[in-house]
2 protein chains.
Amino acid sequence: MPQITLAMNKCDQCIVRQLSSLKALNKDEVVKLANSKTTYTIKKGEAIFEEGEVTNGVFCVKDGVGKLSKLSANGKDQIVKLVKSGELLGQRSMISNEPANLSAKAIADMEVCFIPKSEIIHFFNNNNQFSLNLMQSVCEDLKESENDKIALVQKTVKQRLAETLLHLHEEFGENPDKTLKVQLTREELAGIIGTATESCIRLLSDFNKLELIELVGKKIMLKNVKALKRMAE
Amino acid sequence: MPQITLAMNKCDQCIVRQLSSLKALNKDEVVKLANSKTTYTIKKGEAIFEEGEVTNGVFCVKDGVGKLSKLSANGKDQIVKLVKSGELLGQRSMISNEPANLSAKAIADMEVCFIPKSEIIHFFNNNNQFSLNLMQSVCEDLKESENDKIALVQKTVKQRLAETLLHLHEEFGENPDKTLKVQLTREELAGIIGTATESCIRLLSDFNKLELIELVGKKIMLKNVKALKRMAE
DNA sequence: TATTTAACATGATAAATATCATATTTAAAA
DNA sequence: TTTTAAATATGATATTTATCATGTTAAATA
């Protein structure tokens with residue numbers, strides 16, 4: 001049965017299969033997965049789904065970077081979470097049986113696979129390790145969200161910027177020229193730390209003058225990680 | 001077997017069993033639950049568990065109100081969530097296999113039952129409806145936390161106070177004299193909306209003058225729900 | 001290449017909120 | 001009850017951050 005082997009291999013080799021809750025799936029389940037998935041290419045700036053949309057499944061991020069965000073009344077886009085390759089997207093809404101609470105958009109060109117809800121629920125009901133993994137993943141998101149919430153109240157914008165730069169460095173790494181690999185606009189960065197774009201730009205300038213970072217065009221290089229960490233406290 | 005019937009009834013009648021994920025348990029499982037639980041009484045102000053503590057199980061809130069909070073460096077207590085009777089406490093840490101990220105303290109005298117982790121994991125692995133319920137409950141918390149996070153950035157303190165007063169009214173109801181049933185200090189209220197205690201007090205005074213609320217000693221009565229809703233937008 | 005547009009940058013100012021000081025009231029303890 | 005401590009209240013002020021204005025640079029498009 002060459003097709004089945006092919007289908008299995010397709011997902012079996014995938015980074016999402018290796019990193020996400022899906023790692024708990026057995027061979028048969030991976031075959032089932034491969035046969036039900038749909039692959040999409042999302043260009044930078046495009047949406048995977050919008051707030052209020054019913055998705056009826058989850059998206060596997062094979063490649064690229066995405067943002068989960070909510071548009072405010074005054075037109076500002078508050079970024080709740082960044083997602084990178086290996087992660088699942090839309091788990092929460094699917095499990096809660098609700099339309100998406102947030103929009104998902106590509107920050108860098110993305111390749112994603114859609115897995116229908118029926119598949120996920122089937123795995124959830126028949127594979128304890130998978131359901132535990134999925135549960136832990138949502139719990140991880142919850143912990144992060146709660147900590148973000150606390151940071152928003154207990155820390156200044158300056159501290160949050162330092163913290164966020166360190167996070168971005170840790171999570172996404174750096175280019176050969178030592179600049180941050182995730183290429184965010186100042187507006188997006190402001191959307192993550194929860195401040196006005198101008199304030200974000202101003203603080204980046206300050207950090208630059210203090211030699212905590214270096215601004216290489218629109219890119220950012222961390223120059224003094226230790227001092228940034230001290231500042232984030 | 002009178003003991004077994006007794007043991008089952010004990011938890012079967014319980015409000016937590018009726019409202020939480022535990023509603024999915026069958027009779028045998030409820031008996032198992034009743035035999036493994038430990039009941040505690042927590043006086044107002046006392047802690048159920050502290051940040052950093054390993055709990056190794058979950059707490060069922062039978063009666064009273066609790067707060068999940070984190071102490072900041074400057075001594076302020078940021079409240080992440082309030083819990084009331086019928087809810088479970090400590091699910092996230094237990095599933096993530098981590099020490100508690102937050103402290104849980106009683107705001108009103110509480111009665112709670114402790115259920116060891118082994119029991120919960122057993123139910124999780126053997127009862128699909130239970131695991132789905134638990135999952136949905138964590139998802140609900142996540143959604144709420146994300147929305148809180150967005151509100152912290154996109155709304156003013158005034159809007160958040162209006163929003164919080166409405167939430168407290170909706171979630172906990174009112175006393176016979178129409179005042180809010182949850183009795184929070186101004187400091188705690190400030191800890192929920194994420195502001196300084198004085199700012200919170202000042203705004204309550206303003207709301208009082210505007211006849212949106214009425215301050216009855218330390219208690220708060222909502223007088224103009226419609227206007228509060230408009231203000232929260 | 002020239003032109004246009006978007007992103008970045010910075011100053012000036014306004015608004016929101018925190019902090020400090022100090023009463024006043026309420027509740028707890030001696 | 002008297003005393004003490006804690007919670008509430010409010011004014012004055014400082015700080016943080018947002019907003020508006022405007023200029024500069026970089027990048028996209030004609």
Side-chain angles (χ1 to χ4, degrees), chain A residues 43-45 72-78 107-108 151-165 179-180 182-210 213-221 231, chain B residues 43-46 72-79 107-109 151-165 179-180 182-210 213-221 231-232:
Chain A
K43 289 253 166 251
K44 177 175 174 174
S72 74
N74 59 40
K76 276 188 193 168
D77 208 31
Q78 166 69 13
I107 277 182
L152 273 175
V153 171
Q154 298 186 341
K155 295 190 174 179
T156 63
V157 173
K158 194 189 284 185
Q159 289 178 306
R160 269 143 51 203
L161 175 58
E163 198 178 34
T164 300
L165 291 174
T179 58
L180 289 182
V182 254
Q183 180 80 346
L184 298 168
T185 64
R186 306 292 193 254
E187 193 179 358
E188 284 168 334
L189 190 53
I192 293 175
I193 65 180
T195 191
T197 307
E198 297 96 320
S199 300
C200 177
I201 290 174
R202 226 180 287 274
L203 284 172
L204 284 173
S205 281
D206 292 351
F207 282 16
N208 192 19
K209 275 167 203 151
L210 291 168
I213 64 172
E214 192 179 323
L215 298 177
V216 184
K218 299 188 175 181
K219 295 189 202 163
I220 298 168
M221 180 200 297
M231 175 164 276
Chain B
K43 289 252 165 253
K44 178 176 173 174
E46 287 177 359
S72 75
N74 59 41
K76 277 188 192 168
D77 208 31
Q78 166 69 11
I79 297 181
I107 277 182
D109 292 358
L152 273 176
V153 171
Q154 298 186 341
K155 294 190 172 180
T156 64
V157 173
K158 195 188 283 184
Q159 288 178 306
R160 270 144 48 205
L161 175 58
E163 198 178 33
T164 300
L165 291 174
T179 58
L180 289 182
V182 253
Q183 179 80 347
L184 297 168
T185 63
R186 306 293 193 253
E187 193 178 358
E188 284 168 332
L189 190 54
I192 293 175
I193 65 180
T195 192
T197 306
E198 296 95 321
S199 300
C200 177
I201 289 173
R202 228 180 285 275
L203 284 172
L204 285 173
S205 280
D206 293 351
F207 282 15
N208 191 19
K209 275 166 204 152
L210 291 169
I213 63 173
E214 191 179 324
L215 299 177
V216 185
K218 299 187 176 185
K219 294 189 203 163
I220 299 167
M221 180 199 299
M231 175 165 276

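Numbered from 1 within each chain, the chains take letters A, B, ... in sequence-line order.
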So which of residues 151-158 of chain B are in contact with DNA chain C, with a heavy-atom cut-off of under 4.0 Å? B:Thr156, B:Val157
Could you tell me the separation between the CD atom of A:Gln183 and the C1' atom of C:dA6, rounded to a whole number of Å? 14 Å
All salt bridge (charged side-chain N to carboxylate O under 4.0 Å, His left out) counterparts of A:Asp77, not counting sequence neighbours: A:Lys67
Nucleotide N/O to protein N/O under 3.5 Å, stretch nucleotides 22-30 of chain D:
none

At less than 4.0 Å, is any side-chain N or O atom of B:Lys76 found next to OP1 or OP2 of C:dT19? Yes or no. yes
Compare every heavy atom of A:Gly191 with every heavy atom of A:Gln78, then report the nearest pair and how far apart it is. OE1-O, 3.0 Å
Once side-chain hydrogen bond (donor to acceptor under 3.5 Å, both in side chains) is applied, do any residues pair with A:Thr179, and if so which ones, sequence neighbours excluded? A:Asn175, A:Asp177
Strictly below 4.0 Å: does A:Thr185 bring a side-chain N or O up to OP1 or OP2 of C:dA6? no
For atom CZ of A:Phe207 and atom C1' of C:dT10, their distance in whole Å: 17 Å
What's the CG-C1' distance between B:Asn208 and D:dT8, to the nearest Å? 13 Å
For A:Leu152, all residues meeting side chain to side chain contact (heavy atoms under 4.5 Å, CB included), sequence neighbours excluded: A:Arg160, B:Lys149, B:Leu152, B:Val153
Could you tell me which residues satisfy side-chain hydrogen bond (donor to acceptor under 3.5 Å, both in side chains) with B:Ser72, sequence neighbours excluded, listed by chain and number? B:Asn74
Can you pull out the residues from residues 188-202 of chain B that lie within a 4.0 Å heavy-atom distance of DNA chain D? B:Glu198, B:Ile201, B:Arg202
Separation of A:Gln78 atom CD from D:dA18 atom P, in whole Å? 11 Å
Looking at side-chain heavy atoms only, is the closest gap between A:Leu189 and A:Leu204 below 4.5 Å? yes
Contact check, side chains of A:Phe207 and A:Leu165, non-hydrogen atoms, under 4.5 Å: yes
Under the side-chain hydrogen bond (donor to acceptor under 3.5 Å, both in side chains) test, which residues partner A:Glu163, sequence neighbours left out? A:Lys155
Is B:Asp109 reaching over with its side chain to a backbone N or O of B:Lys43, donor-acceptor style, under 3.5 angstrom? no
Quickly work out the B:Ile220 CD1 to D:dA7 P distance and round it to whole Å. 15 Å
Kindly indicate whether the side chain of B:Thr156, heavy atoms from C-beta on, has any atom under 4.5 Å from the side chain of B:Gln159. yes
May I have the distance from A:Arg186 (atom CZ) to C:dT10 (atom P), rounded to whole angstrom? 10 Å
For A:Ile201, the side chain to side chain contact (heavy atoms under 4.5 Å, CB included) test, sequence neighbours excluded, returns A:Arg186, A:Thr197
Rounded to whole Å, the CG-C1' distance (B:Leu203 to C:dA15) equals 14 Å
Name the nucleic acid region contacted by B:Leu215, choosing base, sugar-phosphate or nothing; use a 4.0 angstrom heavy-atom cut-off, strictly under. sugar-phosphate
Within the 4.5 Å heavy-atom criterion, are A:Ile193 and A:Leu203 side-chain neighbours or not? no
Considering residues at least two apart in sequence or located in another chain, which fulfil the side-chain hydrogen bond (donor to acceptor under 3.5 Å, both in side chains) criterion with B:Ser199? none
Note down the inter-axis angle between the two ends of the helix from C:dT1-D:dA30 to C:dA30-D:dT1, five pairs each, to the nearest 10°. 40°
Grab the CD-P distance between A:Gln159 and D:dT15 for me, whole Å please. 16 Å
Under the rule for side chain to side chain contact (heavy atoms under 4.5 Å, CB included), what residues qualify as partners of B:Glu214, not counting sequence neighbours? B:Asn208, B:Val216, B:Met221, B:Lys223
